[in-house]
Amino acid sequence: MNSLPPLALYVHVPWCVRKCPYCDFNSHGVGRDASLPEAGYLEALLTDLDADLPLAAGRELASIFIGGGTPSLMSAWFYRELLAGIAARLPMSPDIEITLEANPGTLERGRFAGYREAGINRLSLGVQSFQDDQLQALGRIHSGRDAEAAVAEARAAGYDNLNLDLMHGLPAQTPELALDDLERGLSLAPEHLSWYQLTLEPNTEFYSRPPRLPEEEVLWDIQDLGHERLEAAGLSRYEISAYARTHRRSRHNLNYWRFGDYLGIGAGAHGKLSAREDDAGLLIERRWKVRQPEAYLRRQHDPRGFLAGRSRIEQSELALEFAMNSLRLVEGVPLSCWRSVTGLSPAMLEARLTRARKKGLLVEDTERLQASPQGLLFLNELLALIGRE
């Protein structure tokens, strides 16, 4: 019988102070002085979770990730009550990782200590850049000094597991400016650093009115120099855009990339769940919740519930779905994982993997699914080969 993959929980907080021009997440700007419906949203989240409990199939949570929006707009009380409510409903791993995304521009002094006391043991700070002119161009509401102060506040609160989000390929950015951002980030000694390139996503302000971004040759230089500097600083690259010190890889994101399961609660949250079927292996389904915060809040009193849609991942789609996640990992995954998370034989992948290996996009290892260095650079081409019959 096929075993079920690990289970995580994603919680979405949809509000932010101001929508950034590059952001395509489900976030809704409310200004600095807005009063958020904490009690109502807390009740809705737990009601949403109650409806999803049968999908958990008695499994314990390996990780919780609270994203947004800007989750640090919510109080420590909110998270204390939320995590207590989750713990009352689902078993948790004894060493569960609980991450909160925070914006350095939305923090009140002492709030990190309250989050720590509530049970949050990992912080992810959306720094993006330490250059104030770049932060303004990106629509961020904090300064470089605010970011440094937030790290100091987190350390004072007892956090020893801290991620910094930094972007590169910013408007008019040179390799020197990109490396300066990395140096300032490294000087804060984070346990984890997410370093990713700015992309222009549909339905964003930058997509409609694109800024002038660095030329492709400059982008390659930034990436090469940045990867080299991060590795030299003791942060090992384990995913295309993620670097970590020993034993500090993001467990929650690793679960995504290894095609694990996750419940999603909150406005616009997505989930992926597997269920056993007697003869057909595993049924794998994606689910998503109502997006608009006001509509989401109303749904807790609506017999339709919070679910906005669901879609089964068909067998013909599984190879691409699995590869889109696992091939982001530098070390890849054992091919045995294919059977355990999809319920299908590795034989159906054989011809596709052979094509990719001949092009030099996969490592020559019949026991692992692992992109070569060239494959990591040309991941879309690699995915097209694996996704094609």
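Note that the structure is a prediction, hence the values are computed from the model and not measured.
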| query | Would Leu9 and Leu307 show up in the same hydrophobic cluster when neighbours are defined by side-chain heavy atoms closer than 4.5 Å? | reply | no
_Are Leu170 and Leu164 linked, directly or through intermediate hydrophobic residues, by side-chain heavy-atom contacts shorter than 4.5 Å (ILVMFWY only)?_
no
Output field: ring centroids Tyr115/Tyr79 closer than 6.0 Å: yes
So [Y] and [X], do their side chains get closer than 4.5 Å, heavy atoms only?
X      : Y      : value
Leu198 : Phe206 : yes
Ile240 : Trp257 : no
Leu182 : Leu179 : yes

Relative to the ring of [Y], is the ring of [X] parallel (under 30°), tilted (30 to 60°) or perpendicular (over 60°)?
X      : Y      : result
Phe322 : Phe259 : perpendicular
His168 : Trp195 : tilted
Phe78  : Tyr41  : parallel

With sequence neighbours left out, the residues meeting side-chain hydrogen bond (donor to acceptor under 3.5 Å, both in side chains) with Thr174 are Glu176
By side-chain hydrogen bond (donor to acceptor under 3.5 Å, both in side chains), Arg298 pairs with (sequence neighbours left out) none
Dump the intermediate steps for side chain to side chain donor-acceptor pair (under 3.5 Å) on Thr199 and Glu201, then the final yes or no. CA-CA 6 Å; Thr199 56; Glu201 301 292 344; 2.8 Å; yes
The salt bridge (charged side-chain N to carboxylate O under 4.0 Å, His left out) partners of Glu239 (sequence neighbours excluded) come to Arg328
message = If the threshold is 4.0 Å, N to carboxylate O, is there a salt bridge linking Glu191 and Arg122?
response = no
Looking at Arg229 and Glu183, does any basic side-chain N land under 4.0 Å from a carboxylate oxygen? yes
